[in-house]
Amino acid sequence: MTDSILEKLNDKQIEAVKIVDGPVLVISGPGSGKTRCLTHRIAHLISAGVRPQNILAVTFTNKATEEMRNRVSHLLNFQFPISPGLASAWPRAGNFQFPLIGTFHSICARILRNEIGRLGYSRSFNIFDDDDQLSLTKKIMAELEIDTQRFNPRGVMNKISSLKTELKFPENYDGEDFYSRMVAKIYKNYQSQLQKMNVLDFDDLIVLTVKIFKNYPEVLDRYQEMWRYILVDEYQDTSYDQYVLINLLGQKYRNLFCIGDDAQSIYQFRRADIRNILNFERDYPEAKIIMLEQNYRSTKNILNAAQEIISNNKSQIPKSLWTDNNSGHKITVKESINERMEAQFIVEEVEDLAAQGYKLRDFAVLYRTHAQSRAIEEAFVAKGFPYQIIGGIKFYQRKEIKDILAYLKFINNPNDIASFERIYNIPPRGLGKGVFEKISRQDEPNLIKAVAALSKEPAPPRQSKAIAQFLNLLNDLSELKTTKKLTDIIKAVVKKTGYENYLINLSLSKSDDHETNDERIENLKELLTVTKKYDSLEMGEGVEKFLEEIALLQDTDKLKDGEIDQNKQGKITLMTAHASKGLEFPVVFLAGMEEGLFPHSRTLINPVELEEERRLCYVAVTRAKERLIITTAKYRNIFGSTQVNLLSRFVNEIPTKLVDYQQMSWSDDETIYY
DNA sequence: CCATAATTCTTTTTT
DNA sequence: AGAATTATGG
């Protein structure tokens, strides 16, 4: 077995894969076989006698998790007994247990389901998304009578989030200046309300796990014993709290394998801390450090262009990438009049290359912001080219889906007042803000009990009738969790609450909105197909698992991925440069390469952020295997008005001899084009 | 209390 | 330009 595991690897990769014990840090350039290295190492550990259940592999995205699971199970010849899409399942077949591979957040959620009782939460906690987080922040600021015009709630929220990431807990933080003292006050309030609601935000998942590990050494010890071999992917993207978490888990057996590339660090805005690479060398001085510099992915021209771009950054670990691949084509740079012409050019180029034998699945269009997708989509629709967008339109962010999810969340956790606030009068049932205030003043965290208490108080007849009916509904709903399967629960929720009729009536009143209505009902049906796979789980467990998974899921359409393979041609993939990390395509379009867009205008004043933009550009460029086509628009519509943009500095950083520059083929009056 | 009108953001990137 | 939030009136 060992031979076949090492067969297709180069010397450096073999070195990294073969070390069983002790800390290892691998710096791996783009296309240097990082995932291969990780997966083969897992297989090698197992063949060297390590028990699979003693292995933990941590990734950043669900996509990476899925990929790694598939490749490891292929290497091990492992058949998943349950649907592999069930990300939180812990698969086993017979006595063989599969190694645990998951994102930071999903692994912590799993730990917390078992251990969080120690911190005064219960195991059925709900997870807040960004919107929930922001509205709670706003609510607290209103309660504390803080002017949200002067102090942006989003800024406050970010500050709270960074305090958490730095492991500054509300009980130990009071702030050092006016602003941070104010934030500290909001923070304390925010956290105590979360706890009362039995809800965690994204940061809590990591931070509370760390808290438990620090305060309860016997718990930490159990997990250290369980996960004696730890692998961390995309190590450059870890934040301080994640670093501490990994360090706590790894410090006993010291079999810590971290792989990453400082040049591909693109999440510092989300508090990824590049110093974690340096800290690793400090905390594990015995660590082996291995550089993977051979690129298997791109042509020489593409790789050289990427290196020229990144060489303009001051801070980076020196490395020299090389490839045996051909020089390949020059990089196309095409300037268009506006974003519609740009999209038009991309469509034509796809047609040309498809005629040369490329399949649609070979193409990716990358851009800096989601907003850019629209013009390109329109062009593809007009041509009838199938495409898929990664990220962007969030299925689970649609109103009707969020409403139903709020019901589910409330059923799962009747302390969740945020979900309660969303649904108490959706569909309208005669309960106004006044009633809601009364309910929340009951000083009873369980809201069903709070409503029950209120129903005993005297009130105007119409109101008390509405409250009594509502109480019946809530009781009916809360029974569902223990008696029904997930899809049945959702069906029952839609029916019992009258939600479907509500949607129909809603669109009837807005006369011209037939499509929206159909779409919404379609979306609800879609939700039911997604949830089917949870029906095999135990009653209450299905709800819990489902809610956890969608809370931790970012790109939404992945649940429909099966369709892609059925079509031999596949689809063109559209996504942000961020979302493209870890992927590769024969042909990559890099759209909107203009000053102010990429690099984004908000980064131009800050040299640190500008370097991050450059790394992002480096990531985008190195996704391409054979062809890289850069497009720009001279005039671009932003916020409804037209902007004149210059060519991105990153494009100018590519040596001209690598570029085939296609000048704008237009000389007449340009104004008619925008 | 709810539907419509007026207004004010929004588009950086995501677990 | 479009979405989202707030103001207003029935």
Side-chain angles (χ1 to χ4, degrees), chain A residues 58-65 87 102-109 127-131 133-135 138 142 148-149 152-154 158 161 164-165 200-207 234 237-239 241-242 265-272 366-375 390-394 397-399 425-436 460 462-463 466 505-506 509-510 548-556 575-581 592 596-604 606 609-610 612-613 615-617 619-620 636-643:
Chain A
V58 191
T59 67
F60 270 83
T61 63
N62 297 300
K63 211 189 295 161
T65 293
T103 63
F104 269 104
H105 296 266
S106 73
I107 287 163
C108 286
I127 299 169
F128 254 15
D129 66 22
D130 273 6
D131 293 339
Q133 220 180 326
L134 185 61
S135 41
K138 279 181 184 163
T148 49
Q149 296 296 325
N152 186 328
R154 191 162 253 120
N158 282 333
S161 174
K164 288 189 174 188
T165 310
L200 309 196
D201 64 19
F202 278 125
D203 297 312
D204 285 341
L205 289 168
I206 314 289
V207 162
E234 306 284 13
D237 288 333
T238 47
S239 50
D241 54 338
Q242 290 167 335
S265 161
I266 56 175
Y267 286 113
Q268 282 176 37
F269 76 92
R270 217 181 67 200
R271 287 174 276 285
L366 309 184
Y367 37 74
R368 180 67 235 279
T369 67
H370 284 300
Q372 288 166 257
S373 73
R374 180 164 288 174
I390 309 284
I393 350 116
K394 307 242 152 106
Q397 250 158 266
R398 287 166 218 238
K399 219 171 257 154
N425 200 32
I426 299 281
R429 51 175 75 91
L431 299 174
K433 226 181 173 134
V435 176
F436 174 73
R462 196 196 296 182
Q463 203 178 74
N505 291 335
L506 204 68
S509 67
K510 279 190 200 162
E548 176 175 317
E549 231 162 85
I550 56 160
L552 302 178
L553 189 75
Q554 83 299 356
D555 50 47
T556 53
M575 65 188 142
T576 62
H578 280 89
S580 75
K581 192 161 70 155
L597 230 201
F598 200 172
H600 195 273
S601 53
R602 295 168 94 117
T603 66
L604 295 177
N606 183 336
E609 288 180 38
L610 192 67
E612 177 147 313
E613 291 285 296
R615 289 192 296 271
L616 180 59
C617 179
V619 167
R636 186 177 290 276
N637 266 44
I638 274 170
F639 290 151
S641 59
T642 304
Q643 253 183 27

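Just so you know, these numbers use all the heavy atoms, side chains as well, and skip hydrogens, waters and symmetry mates. In what follows, every chain begins at residue 1, and chains take the letters A, B, ... in the order their sequences are listed.
Side-chain contact between A:Glu609 and A:Gln268 is absent, with no heavy-atom pair separated by less than 4.5 Å. At least one side-chain heavy atom of A:Leu610 sits less than 4.5 Å from a side-chain heavy atom of A:Leu604.
With sequence neighbours excluded, the residues satisfying ring pair (Phe, Tyr, Trp, His ring centres under 6.0 Å) with A:Phe436 are A:Tyr424. The ring pair (Phe, Tyr, Trp, His ring centres under 6.0 Å) test applied to A:Phe104 returns A:Phe60, not counting sequence neighbours. Under the side chain to side chain contact (heavy atoms under 4.5 Å, CB included) criterion, A:Ile638 pairs with A:Arg636, A:Gln643, not counting sequence neighbours. A:His105 is linked by a ring pair (Phe, Tyr, Trp, His ring centres under 6.0 Å) to A:Phe202, counting only residues two or more places apart in sequence or in another chain.
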Using atom names, set out every protein N or O paired with an N or O of nucleotides 10-13 of chain B below 3.5 Å, distance rounded to 0.1 Å.
from, atom 1, to, atom 2, distance (Å)
B:dT11, O3', A:Arg602, NH1, 3.2
B:dT12, OP1, A:Arg602, NE, 3.2
B:dT12, OP1, A:Arg602, NH1, 2.3
B:dT12, OP1, A:Arg602, NH2, 3.3
B:dT12, OP2, A:His600, NE2, 3.3
B:dT12, OP2, A:Arg602, NE, 3.4
B:dT12, OP2, A:Arg602, NH1, 3.1
B:dT12, O4', A:His600, NE2, 3.4
B:dT12, O2, A:Arg368, NH1, 2.7
B:dT12, O2, A:Arg368, NH2, 2.3
B:dT13, OP1, A:His370, N, 3.1
B:dT13, O4', A:Arg368, NH2, 3.4
B:dT13, O2, A:Arg368, NH2, 2.8
B:dT13, O2, A:His578, NE2, 3.4

Which atoms of nucleotides 5-10 of chain C (N or O only) lie under 3.5 Å from a protein N or O atom, and what are those distances?
none

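Rounded to a whole Å, the CD atom of A:Gln242 is 16 Å from the P atom of B:dT14.
At the heavy-atom level, A:Asp130 lies under 4.0 Å from base atoms of the strands shown.
On the P atoms, C:dA4 is 15 Å away from B:dT13, given to the nearest whole Å. Spacing between C:dT5 and B:dT12 at atom C1', rounded to whole Å, works out to 22 Å.
Judged purely by distance below 3.5 Å, without hydrogens or angles, the side chains of A:Ser161 and A:Asp203 pair a donor atom with an acceptor atom.
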